[in-house]
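Worth knowing before you read on, the calculation uses all heavy atoms, side chains too, and leaves out hydrogens, waters and symmetry mates.
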Amino acid sequence: MRVNLLRKLVDCDSWLAKQFFVHEFESLGYGEFFSFLTEHISLMPTGLKQLLNGDMYEKSHSEACLLQDQLMLLISQALNSSWDGKVVTKQMISTLLLKQFPNLSFKMEVGSVEDLLNIVGQYRDIAMSKCVLFSQTLMGAHGLSMSAFDDDYVVELEAIGRGADVSQKTGKLASVSSQDAIEVLLRAPMLSDLSRWSHWDIKFAPCLGPLVGWLLNEVNRTDLLCLVTKDGNVIRIDSSASEDSFWESALHLSPFQTAVQLLSLFSIRGGQKHVPLSLLKSHASRAFEVILNDHLEDKEVTNGWNFQMKERAAGMSKPLDEVCASRSFKNSTGTVDAVLVASRYFLECLSHIPSEFCTFAADVLLSGLQSVIKNVPSIILSECICMEERVMLHEVGLCLGVVEWIHDYRVIFSSTDGEMCKPCEAISFIANTSKSSTGSLSAEEDKIVLSLVSEGQSNICREICHGSEGPEVWIDKSVAQNEPIEYEDAYSIIESIRQEEFGLDPSLSSTESSLLNKQHARLGRALHCLSQELYSQDSHFLLELVQNADDNTYLENVEPAVVFILQESGIIILNNEQGFSAQDIRALCDIGNSTKKGSAGYIGNKGIGFKSVFRVTDAPEIHSNGFHVKFDISEGQIGFVLPTVIPPLNHNVLSKLTSTNSVQFDTSCWKTCIVLPFKSDLSGGTRRNNVISMFSDIHPSLLLFLHRLRCITFRNMHDDSLIVMRKDTCGDGIIRVSYGKEEMNWFVARKKLHGKIGRCNVQTTEIALAFGLEESTDGSYIPCLNMQPVFAFLPLRTYGLKFILQGDFVLPSSREEVDEDDPWNQWLLSEFPDLFVNAEGSFCSLPCFRDNLGKAVTAYMSYIPLVGEVHGFFSCLPRMIISQLRRSKCLLLEGDDATWVPPCKVVRGWNEGAQVFLPDHLLQEHLGLGFLKKDISLSDPLARTLGVEEYGPKLLLKIVTSLCQRKDSLPSMGLSWLSAWLNAVYETYVHSAQAPRDVGMGTDIIEALRKLPFIPLSDGTFGSVDEGTIWLHIDVSGNDSEHGMDAFPMLYAKLRIVNPAFVTALDTDIYRVDMYPKDNIIRMLLIVGVQHLSTHEIMKVHVLPFICDDKSASLDKNLMTEFLCFVFIHLQSSCPMCHDERDFLISELNNRAFILTNHGNKRPIEVPIHYGKGFGSSFDLCKLFDNIQMEWHEVDTIHLKHSSTKSVVNGVKKWKRFFEEIGITEFVQVVKVDRRMSDMADTFSGKAGLKRDHVSLGSVAEDWESSELDHLLSLLSASGNRDGCQFLLEVFDKLWDDCFRDKTIGYFNDKYNGKRTPFKSSFLNSICGVPWVVSCMDDKLHYPEDLFYDCDAVHSILGSFAPYAVPKVRSVALLHDIGFKSRITIEDVVEILRVWRRSATLFKLRYPITFKEILFLFLSYHLISSEHVLKVKW
């Protein structure tokens, strides 16, 4: 078997080259053929792969495999979610599959995980655009716990190959369409199982296949997002879910809507690793706080919430107020009601969520409840009204470690059966409500019920007025109106700070002074550690100073600016602000008391920004508005915050420092001067280089998000260099930042937000995105796609984004990262996708793009981050942006009018020919798609991620599938259009087959095309290859038969032949195709499975299956005759394929084919069939059975009358040979059988002439038998038909030597010693064991061994007196085998005499004889054996 397979594989090399019309296989671009097989062996069917690998040592068994695309999608989603950044192992893959399919076991047979991941990598981009999510890919390491699995539970990664098609084709393809299914599923409620809702298995699966496979391959819609749970349910979720919608549903206490939002958010955000857990917990906490505050003000539970209508509209459980109203509580205060409603809300919400996600939902809601209610777990447990709810809490409790629920779980397991059914007891505050029906709760009860958060947060939902659009200029009027502070006043302020804040009073006693000094030293050490650990880079103090300058106030007619002057001894900073106030000075002398608190857009809320200067100086000086102070840590660590008065700065020195050859600064405008003398350890060249490198860390983009500051100048006194960074607003959102002679343009999009998350008096904030643009010579912009940092007003670090992201993020002490667990940060992050999507319109409206929107879209789309490109806190941002873009109208259709559509509604990669045969109305009508604007260019990964349809074989397949599903739609398109379509399929198929990411996709396309009835047939209908073989027309494919179609009219009428006009119908002028479309069409038909019209293939795939079908038993004899004649004629030809496959063909004819006989169509394997005199038989055997009740099946001679047979030379002889080859015999059939010695009866051994002692029981007998002969002999013997018996002996005599001689002997094969022991076969025993031979002496039938053979040896002695067998046989072998007597013994003479004596009278009449003759006879025999004494009793 393996040798034949290898031979075929060698031939396959040249066959493939021939099919694709190339010289050799290497020309297809896949390298050497066997190298190609080795590389892609994992894609082969399991059986073939095992055979090639030499693994066929086990008996073949059935296997089920996960479809390739579903396995790839499963692993891809895990890589994008829970496995992000992890090294994947086989065990991880095994565990994932076992979690997703817990009721199945898997066997893993995988080579290299790296090879698998290379294939998976081709699917990662596509995974984002699919409408199916697998639940377990979203679970992180701390999700629902699963115990470690045994190594035996592993997955068979043979699933990479093609899986079995589980769909059952039970009806016409047109009975239901994909559009019908989509319309039904879109009506399904959220969280419903789509399979059950739509009755998928009954209504749609027969035509569209399994639901998940259909969703993956056919559906590209954002409004039909679903989640496959480990229970196999396909749950519909909301792709538009957001944190705000969760807040609203929680505020309305709608359990169903809350469940929808939580499950949807968990799924679309990328699972446990990326979901904004802290933000959701914060929303839940605020919602419950508002609800309980309302109740404390005697508001009704459902007043204004309107959640009853929502619950009823969703067809879910009763409204929560009705549930609680049905409970018997004598205390009716709003607080208790609210607690009970919230508890019931919690339980109802979890009941709507699949079990694997209950832990996540419970974590969010329980956190919110615990922030405002004490003893929440106990209260919720008391609200359980059935065992299922308690079990649900037990599972959640075990995962989250909720002590009360774990305790209840243990109680149940330790209880008796009766106790388990009891409802759980309510906690004390409910039991005691009987004390008063109208009064308020006692103080103790009140403590148990509520633990509200601070009163300052009770008005969270108040309305915030929106600010005006455009850049803001923040002016502190209270400071701006102040006159410059006189020196004496400034001095008194400093002294008051030293005395009042630090206790530096000369009147203190020595003890008090000592104690104060210790406290100062302790505080100083803490401040020193803080300042040293704040930043990993010294340059951050420059950023803090820039931030401080931006936070300052300026006069309206002043350009806010700051100057940094680097000199040998230190750094001088000049700022043209209005100057320091007393409040500012006091803030510098404190920690966490910044004057910038509460102002939108400020981050100086830690009061430690200025302290960063101590990285480079020990005594910073401040000269501003009359204040001249320093903070000197050389006098003690308390110097971090202790001000010391110093003399004013010399303005002449300052003027000298600020003047250059090209720029002269007005020293009068610099109201603030900060001097930073270098530390003593910053010396020499190293000091200078380190400080210069600090300035190089300041990027010009720093100016983008500063609200006031517009100019930053760096002056280096060492080389007298000057660098000026300036920000200019150009309009339309463009900001130009100059850095010396270099310029960079930025498109900045901003969005004002009203604080939804509590953060110390911050009511409004602003987020922004900045996209780098390089200006070309023609005035247009080109995207700058370098990695950009994230800003929290100051640059933090890069996260992999190609645009700058700015937000008022909460930072840890290092101020270099974003606090990932802070709900404020998570809320800000959730707002950026909407800003990114909305900014596209403004970007495309830039003047340089107005005449070329396609170029604008291309530029903007190039900024989109892909999953895996961004890391850290912002790693989920690509998923959020892409999810938002998929739902938005962000792409343009081809055409004059600017039509914006979502990505799933466009087709990219099309050409002009596609537009001709796929006009817009056709594409829109059948697929709801349009052509993407030609000028828009998207990268392949981005297009796949957004769900943009590719122009290719898959799209073309969908078009014709839709046409086939509509009655008469495909024929109405015409053959020319269909030819153009198939030509396009071939061109795109060949192109896609060469793309590495499409490995395996071509197989799916071909399988789908085989099932599609798109091929026009010669009878005017359309058919599919899957329905039966289709043949190319004879003029196209050629024909190797000597007999044309006219010789077999009925056969060719049964063939499904491609319409001859189809391959030549394409109008190249109309459809703009290449010069050789006919060849492409023929090639594609062959790839799909259409066969060349060759007699061998017709015989093999059409005729043989036809005559072997059980239905053929009742078919018309003329049709069966023509089919068998076709096979006979072809087998007489010199067909090389017949030579290779002859054994198989003959076996099929012998074992399965129906042959027309005198008793109808019969199979040779089922009944013995014979050929008669018409086919060259020597006897007319039918005469033998005229008077016998036995059916004798002879082949009908109608075959000889067929027109094809008449032209065959020596046709009768060839038919005879043909019949004998397929098991049809001239006379009775004798078959070989194997028998075990242990199963044989003793009588068999006796008849065989063998002693059982001489043969071991383990021997196997090779025997010959003929049930047909047994039946015939029994009938002849019983009827005494002498004529029939004589005819039978004539037949045996004629055929014995050629047909039966070798079947008279059987053999026992001893398995121990290999010895072969001969014995008389059952066939010969049948002949010898029945009296059926006619004698010449009487009318009886005799055993063969009782009669004499009329030969000279017998006749010379007995003459005519012996009983001779009639007729006389001529075969010596027959004479010997059946036992006729050919010599005389004394016993024979005695027996003859006895017979003569008994029948003397009759004997005389029939055979006259003289006494002399008798005496001579007697004497002769007496002389034969003188040793014998004859004692005859007369």
Note to self: Donor-acceptor pair, distance only, cut-off 3.5 Å: does the side chain of Thr1121 make one with the backbone of Lys1117?
What the structure shows: yes
Note to self: Is it the case that atom NE2 in His1159 sees more than 12 heavy atoms from other parts of the structure closer than 6.0 Å?
What the structure shows: yes
Item checked: Ring centre gap for Phe1380 and Phe1348 strictly below 6.0 Å -> no
Next item on the list: Measure the shortest side-chain to side-chain distance between Leu1341 and Val1333 over non-hydrogen atoms and say whether it is less than 4.5 angstrom.
Entry: no
Note to self: Using 30° and 60° as the class boundaries, would you call the ring planes of His1102 and Phe1106 parallel, tilted or perpendicular?
What the structure shows: parallel
Margin query: For Val1233, is there any backbone N or O sitting under 3.5 Å from a side-chain donor or acceptor partner on Asp1263?
Written below: no
Next item on the list: Keeping the roles fixed (side chain from Thr1205, backbone from His1199), state whether a donor-acceptor pair exists under 3.5 Å.
Entry: yes
Note to self: Test your reading of the model: is there a side-chain donor-acceptor pair from Lys1320 to the backbone of Thr1304, 3.5 Å cut-off?
What the structure shows: no
Margin query: Closer than 3.5 angstrom, by distance alone: can the side chain of Asp1293 be matched with the main-chain N or O of Ser1371 as a donor-acceptor pair?
Written below: yes
Notebook entry, point to check: Can Ser1177 and Glu1226 be counted as having a side-chain donor-acceptor contact under 3.5 angstrom?
Noted result: yes
Notebook entry, point to check: Considering only heavy atoms from C-beta outward, does the side chain of Phe1287 approach that of Phe1292 to under 4.5 Å?
Noted result: no
Notebook entry, point to check: Side chains of Leu1375 and Arg1370: does their closest heavy-atom pair fall under 4.5 Å?
Noted result: no
Next item on the list: Establish, from distance only, whether the side-chain atoms of Thr1157 and Asp1196 form a donor-acceptor pair under 3.5 Å.
Entry: no
Checklist line | Ring-ring centroid check Phe1319 Tyr1307, cutoff 6.0 Å | finding: no
Note to self: When you measure from the side chain of Arg1163 to the backbone of Ile1155, do you find a donor-acceptor pair of N or O atoms at a distance under 3.5 Å?
What the structure shows: no
Notebook entry, point to check: In terms of the angle between their ring planes, are His1096 and His1130 parallel, tilted or perpendicular, with boundaries placed at 30° and 60°?
Noted result: tilted
Note to self: Can you confirm whether or not the ring centre of Trp1215 sits under 6.0 Å from the ring centre of Tyr1171?
What the structure shows: no
Check: Between Ser1266 and Gln1229, is there a donor-acceptor pair closer than 3.5 Å when you use the side chain of the first and the backbone of the second?
Finding: yes
Margin query: For the NZ atom on Lys1214, are there more than 12 heavy atoms of other groups (residues, nucleotides or ligands in this structure) within a distance under 6.0 Å?
Written below: yes
Next item on the list: Salt-bridge test for Asp1377 and Arg1301: reply yes if a basic N is under 4.0 Å from a carboxylate O, no otherwise.
Entry: yes
Margin query: Under 4.0 Å between a side-chain nitrogen and a carboxylate oxygen: does that hold for Glu1027 and Arg1056?
Written below: yes
Next item on the list: Determine, for Lys1381 against Glu1345, whether the closest basic-nitrogen to carboxylate-oxygen distance falls under 4.0 angstrom.
Entry: no
Check: Distance-only, no hydrogens or angles: does the Asn1281 side chain make a donor-acceptor pair with backbone N or O of Gly1284 under 3.5 Å?
Finding: yes
Margin query: I want to check something: taking the side chain as every heavy atom from C-beta on, are Phe1227 and Trp1192 in contact at a cut-off of under 4.5 Å?
Written below: yes
Item checked: Glu1221/Arg1142 ion pair, N-O < 4.0 Å -> yes
Margin query: Can you tell whether the side chains of Glu1194 and Lys1173 come within less than 4.0 Å, N to carboxylate O?
Written below: no
Notebook entry, point to check: Do Ile1222 and Phe1219 come close enough that some side-chain heavy atom pair is under 4.5 Å?
Noted result: yes
Note to self: Could you tell me if Glu1268 and His1170 have a donor-acceptor pair between their side chains, going purely by distance under 3.5 Å?
What the structure shows: yes
Notebook entry, point to check: Taking everything shown except Lys1368 itself, do over 12 heavy atoms lie less than 6.0 Å from its NZ?
Noted result: yes
Margin query: Tell me whether Ser1277 contacts the main-chain N or O of Ser1274 through its side chain, where contact means a donor paired with an acceptor under 3.5 Å.
Written below: no
Check: Hey, does the side chain of His1092 reach the backbone of Ser1094 with a donor-acceptor pair shorter than 3.5 angstrom?
Finding: no
Margin query: Does Leu1324 form a side chain to side chain contact (heavy atoms under 4.5 Å, CB included) with Ile1305? I'd like the steps, not just the answer.
Written below: CA-CA 8 Å; Leu1324 187 56; Ile1305 300 297; 5.6 Å; no
Check: Just wondering, are more than 12 heavy atoms of other shown residues or ligands nearer than 6.0 Å to CZ in Arg1152?
Finding: no
Check: Does the ring center of Tyr1349 lie less than 6.0 Å from the ring center of Tyr1364?
Finding: no
